[in-house]
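The sequence lines fix the lettering, A, B, ..., with proteins before strands; numbering per chain opens at 1. As a basis for the values below, the full set of heavy atoms in this structure was taken, side chains included, without hydrogen atoms, waters or symmetry mates.
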Amino acid sequence: MFLKFKNEVYSVLSIAMEKSGFKTADLVLSESPHADIASSVAFRLAPEYRQSPKNICEKIYRNITIQPDSYIDRVEMAGPYINFFASRAYLNETLLRVLLEREDFGNLDNKGKVILEHTSANPDGPLHIGHIRNSVIGDTLARILKRAGFDVETQYYINDMGRQIAVVVWGLANFKFDTTKKTDHAIAEVYINANKTLVDEKEHSPEVDGIMKQYETGNSETIKKFKDAIDTAMQGIKESLGRMNISHDKFIWESMFVRSGEVSRMIGRVKETGRAGMKDGALMVDLKNQGIQKPLVIQRSDGTSLYTTRDLAYHEWKASQCDRMIDILGADHKLISSQLKAVLRILGLKEPEIVIFEFVSLPEGSMSTRRGVFISADELLDQVEKAAYDEVNKKRPETSENFKKKVAAFVGIGAVRYDIIRVSPEKATTFDWKEALDFEKQGAPFIQYSHARACSILKNAKDEGFVFDKFDPSLLVEEQEVILIKKLASFDNVIDNSARELKPNLMAIYARELADAFNQFYRYVPVLSVEPEYRAARLALVDCSRIVLANALDTLGITAPESM
RNA sequence: GGGCUCGUGGCUUAGCCUGGAUAUAGCGCCGGGCUUCUAACCCGGAUGUCGAGGGUUCGAAUCCCUCCGGGCCCGCCA
């Protein structure tokens, strides 16, 4: 709805500008504490037209005309600013649209297929708290883009050709696999032990090299060993992702591109560009004219491919089946991803859009699966759920054990997802147990609680036999009601902005603000105890709030509970 | 050493790309509110040289330069 309002402001202002004889590409519209939408376009025009901003503003203002039934109620001039205010029609239509469109309210109609790759952690152990920043950003963006209208496919790229998996395979042949542990944790244990031994006893290193070579040349027995090891790890990884409401549409194995011959074809194409040269027997691409000083090695002197080469083939393959590619990558991939894009550009291929997130570190330093220094996602979720359980137990002691467990699970997962998504990806963070287990701050439980409150009112209304299939939205004139309706209306704007800029944290902020607006309404405006016509209108507003809160939570991958 | 990035009240953080009207919110702190639809809530208060300095501009948290501090990267690893 907000987008419709904004469009109308845009066209009304454009016409007024034209009538007054001004031209500019940018109308400088923004949300403002002084208006629903404000324009500071007069400042932009001042130097070009050699008039004071205020003067220009007056001329434009005089030419503004608003149609009856417009979403714009009135326009005011405040010095050099032009302030637009939303009308009753806008508020009323918002409510009707929410009730009509329900879970689709706020969705946009963008077109196109998007392949979004996220998580893609090496299958050598469980996901840790750094990996899940990737997963949560990726999954939330996928949900946002779907609401924005795109046809989104999520992919997990499995790096099965790296040395680390060969180490796991070697380790499985030499160490005990603990079948009592969750499978990905058991793989990590083997991997950590194997690494330790390989450092202490260098003589085993050639054995790992041999395993890698066998895998690359396609030895069927070795392939089976790799597949078993990876499947074992992935089983646990998928379980952890599933626990956080995250799933992938496809799992793509890196080796696929070697075996299909696409990697060697890719090397051939790179050679043909004339940008590549042999140095010490290795094939290198010069990227200086792409702004990257470091040349990129495409093929080793022994003729084998590297990670980036295979990634090039993967991206070419992806590009052939979608309109946009989006990769979620950790900050350690900054250089490598810009090299990847540069080569794709040279080859005239489509480039991915890359969302980089900064590292999550522990107070004692960075994490490492290889060294066994990490906090797993499972451990975090277990601890958070335990803390959430204590909280429910304290707040709702009368409820059943089953209820408490259920609430603890969705509150815990919600808290973890919200905590990750609320801070923008480019911020490096240090993990802190105390903070992770703190439910007092305004996070996911706050938003979930608002939703539960809305459900509770609706349930009470139903029990009393109160209906609101007919209501007059114009009765909703309290300040808290108007603020709340405007907040509901702006859901589409948040989808649009977060999808356009690939910023999932905007949705987190919105959900919190919406919950905030609802809680204020809840506190100051009685619903059930008022005259029937007001009760009906307010019940409709509560239902709308419930719907949009649920939509926002769904976009964040967080459960919207009826009770907690 | 070079490249990229972050630096906003005690702590966490929005805004920065696309410069504009008193810099966003939470935690914590101080004070108030449950005979009223779930108090995992609401209201009020204190707290800021937007890392430092310079520049561009009518106007800078936002753009440019220098410096300081943290992170990441700089392998024929992934």
*When all nucleic acid strands are considered with a 4.0 Å heavy-atom cut-off, which category describes A:Ala38: base, sugar-phosphate, or nothing?*
base
*Counting only Watson-Crick or G-U wobble pairs whose two distances fall under 3.5 Å, which nucleotide matches B:U18?*
none
*Please work out if A:Ser424 contacts a base, only the sugar-phosphate, or nothing of the nucleic acid, heavy-atom cut-off 4.0 Å.*
sugar-phosphate
*Answer with base, sugar-phosphate or nothing: what part of the nucleic acid does A:Met564 contact at a heavy-atom distance below 4.0 Å?*
base
*Which nucleotide sits closest to the side chain of A:Leu528: B:C72, B:C77, B:C37?*
B:C37
*Whole Å only: how far is the CZ atom of A:Arg500 from the C1' atom of B:C17?*
14 Å
*With heavy atoms under 4.0 Å as the rule, sort A:Ser563 into base, sugar-phosphate or nothing.*
base
*Look at A:Arg523 and B:C37 and indicate whether a side-chain polar atom (N or O) is within less than 4.0 Å of OP1 or OP2.*
no
*Hunt down the Watson-Crick or G-U wobble partner of B:A52, both distances under 3.5 Å, from any strand shown, or write none.*
B:U66
*Quantified in whole Å, what is the C1' atom distance between nucleotide B:C58 and nucleotide B:G1?*
43 Å
*Determine the contact category for A:Val411: base if any of its heavy atoms lies under 4.0 Å from a base atom, sugar-phosphate if only primed atoms, P, OP1 or OP2 are that close, otherwise nothing.*
base
_Mate of B:C4 where both pairing distances stay under 3.5 Å, Watson-Crick or G-U_ = B:G71
*Just by distance, with hydrogens left out, do A:Arg44 and A:Thr24 show a side-chain donor and acceptor under 3.5 Å apart?*
no
*Could you tell me whether A:Glu398 contacts a base, only the sugar-phosphate backbone, or nothing, with contacts defined as non-hydrogen atoms closer than 4.0 Å?*
nothing
*asked:* From CG of A:Asn519 over to C1' of B:C34, roughly how many Å is that when rounded to an integer?
replied: 15 Å
*Report the residues that fulfil side chain to side chain donor-acceptor pair (under 3.5 Å) with A:Glu562, sequence neighbours left out, ordered by chain and then residue number.*
none
*Polar side chain donor-acceptor pair, A:Asp327 to A:His315, under 3.5 angstrom*: yes
*asked:* I'd like to know if A:Arg535 and A:Glu531 make a salt bridge, using a cut-off of under 4.0 Å between side-chain N and carboxylate O.
replied: no
*What nucleic acid atoms does A:Val41 come within less than 4.0 Å of, heavy atoms only: base, sugar-phosphate, or nothing?*
nothing
*Of all the heavy-atom pairs spanning A:Thr309 and A:Ser305, show the shortest one and how long it is.*
CB-CB, 4.1 Å
*Using a cut-off of 4.0 Å on non-hydrogen atoms, how would the nucleic acid contact of A:Arg535 be classed: base, sugar-phosphate, or nothing?*
nothing
*asked:* Using the side-chain heavy atoms of A:Arg453, tell me which of these nucleotides is nearest: B:U12, B:C41, B:A78.
replied: B:C41
_On RNA chain B, compare the nucleotides closest to A:Glu254 and A:Val525; which residue's is nearer the 5' end?_
A:Val525
*Using ring-ring contact (aromatic ring centres under 6.0 Å, His included) as the criterion, list what pairs up with A:Phe226, not counting sequence neighbours.*
A:Tyr215
*asked:* Does anything in residues 297-305 of chain A come within less than 4.0 Å of RNA chain B? Heavy atoms only, and list the residues if so.
replied: A:Val297, A:Arg300, A:Ser301
*In whole Å, what is the span from the NE2 atom of A:His451 to the C1' atom of B:A40?*
16 Å
*Would you classify A:Lys394 as touching base, sugar-phosphate or nothing, given that sugar-phosphate means primed atoms plus P, OP1 and OP2, and contacts are heavy atoms under 4.0 Å?*
nothing
*Ignoring backbone atoms, establish whether A:Tyr522 has a side-chain N or O less than 4.0 Å from OP1 or OP2 of B:A39.*
yes
*Distance, rounded to the nearest Å, where A:Asn497 contributes CG and B:C16 contributes C1'*: 15 Å
*What is the distance from CZ of A:Arg44 to C1' of B:U57, rounded to the nearest Å?*
12 Å
*Have a look at A:Asp419 and say if it touches a base, only the backbone sugar-phosphate, or nothing, with a 4.0 Å heavy-atom cut-off.*
nothing
*Taking N and O atoms by type only, does the side chain of A:Asp311 place a donor or acceptor under 3.5 Å from a partner on the base of B:A78?*
no
_The criterion is ring-ring contact (aromatic ring centres under 6.0 Å, His included); which residues satisfy it with A:Phe22, sequence neighbours excluded?_
A:Tyr49
*Under the side chain to side chain contact (heavy atoms under 4.5 Å, CB included) rule, collect the residues that match up with A:Arg74, sequence neighbours excluded.*
A:Glu76, A:Phe85
Taking only N/O atoms, report every protein-nucleotides 22-31 of chain B pair under 3.5 Å with atom names and distance.
{"from": "B:U22", "atom 1": "O4", "to": "A:His34", "atom 2": "NE2", "distance (Å)": "3.4"}
{"from": "B:A25", "atom 1": "O2'", "to": "A:Arg512", "atom 2": "NH1", "distance (Å)": "3.4"}
{"from": "B:A25", "atom 1": "O2'", "to": "A:Arg512", "atom 2": "NH2", "distance (Å)": "3.2"}
{"from": "B:G26", "atom 1": "O2'", "to": "A:Gln442", "atom 2": "N", "distance (Å)": "3.4"}

*Round to the nearest Å and state the distance from A:Leu506 atom CG to B:G15 atom C1'.*
10 Å
_Classify A:Asn122 by what it touches in the nucleic acid, base, sugar-phosphate, or nothing, heavy-atom distance under 4.0 Å._
sugar-phosphate
*Given B:G75, is OP1 or OP2 found less than 4.0 Å from the side-chain N or O atoms of A:Lys294?*
yes
*Please report the C-alpha distance between A:Arg538 and A:Glu481 in whole Å, then the side-chain angles of each, then the deciding distance to 0.1 Å, and finally whether the salt bridge (charged side-chain N to carboxylate O under 4.0 Å, His left out) criterion is met.*
CA-CA 9 Å; A:Arg538 287 174 186 174; A:Glu481 292 173 326; 2.9 Å; yes
*Base, sugar-phosphate, or nothing: which does A:Glu501 touch, judged by heavy atoms less than 4.0 Å apart?*
base
*Which part of the nucleic acid does A:Leu283 contact within heavy-atom distance under 4.0 Å: base, sugar-phosphate only, or nothing?*
nothing
*What nucleotide among B:A21, B:C42, B:C74 has an atom nearest to a side-chain atom of A:Phe446?*
B:C42
Show me the donor-acceptor pairs within less than 3.5 Å that the side chains of residues 454-465 of chain A make with the rest of the protein, sequence neighbours left out.
{"from": "A:Lys459", "atom 1": "NZ", "to": "A:Asp463", "atom 2": "OD2", "distance (Å)": "3.2"}
{"from": "A:Asn460", "atom 1": "ND2", "to": "A:Ser456", "atom 2": "O", "distance (Å)": "3.3"}

Distance-only criterion, 3.5 Å: show the donor-acceptor pairs between side-chain atoms of residues 423-433 of chain A and protein atoms not counting sequence neighbours.
{"from": "A:Ser424", "atom 1": "OG", "to": "A:Glu426", "atom 2": "OE2", "distance (Å)": "3.4"}
{"from": "A:Asp432", "atom 1": "OD1", "to": "A:Lys434", "atom 2": "N", "distance (Å)": "3.0"}

*Which residue, A:Pro47 or A:Gln164, contacts RNA chain B at a nucleotide closer to its 5' end, judged by nearest heavy atom?*
A:Pro47
*Atom CD1 of A:Ile336 to atom C1' of B:C72: distance rounded to whole Å?*
14 Å
*For A:Phe446, which residues count as a ring-ring contact (aromatic ring centres under 6.0 Å, His included) partner, sequence neighbours excluded?*
none
Can you list, pair by pair, the side-chain donor-acceptor contacts under 3.5 Å of residues 357-372 of chain A, counting residues two or more places apart and other chains?
{"from": "A:Glu358", "atom 1": "OE2", "to": "A:Lys334", "atom 2": "NZ", "distance (Å)": "2.9"}
{"from": "A:Ser368", "atom 1": "OG", "to": "A:Arg370", "atom 2": "N", "distance (Å)": "3.4"}
{"from": "A:Ser368", "atom 1": "OG", "to": "A:Arg371", "atom 2": "N", "distance (Å)": "3.0"}

_Nucleotide B:C72, atom P - distance to CD1 of A:Ile356 in whole Å_ = 14 Å
Would you tabulate the pairs of protein nitrogen or oxygen atoms and nucleotide nitrogen or oxygen atoms of nucleotides 2-11 of chain B closer than 3.5 angstrom?
{"from": "B:G7", "atom 1": "OP1", "to": "A:Lys427", "atom 2": "NZ", "distance (Å)": "3.0"}

Please list every donor-acceptor pair under 3.5 Å in which a side-chain atom of residues 511-520 of chain A meets a protein atom from a residue at least two apart or in another chain.
{"from": "A:Glu513", "atom 1": "OE1", "to": "A:Lys487", "atom 2": "NZ", "distance (Å)": "2.8"}
{"from": "A:Asn519", "atom 1": "OD1", "to": "A:Arg453", "atom 2": "NH1", "distance (Å)": "2.9"}
{"from": "A:Asn519", "atom 1": "ND2", "to": "A:Ser450", "atom 2": "OG", "distance (Å)": "3.3"}
{"from": "A:Asn519", "atom 1": "ND2", "to": "A:Ala515", "atom 2": "O", "distance (Å)": "3.3"}

_My understanding is that a pair needs two contacts under 3.5 Å, Watson-Crick or G-U wobble. By that rule, which nucleotide pairs with B:U24?_
none
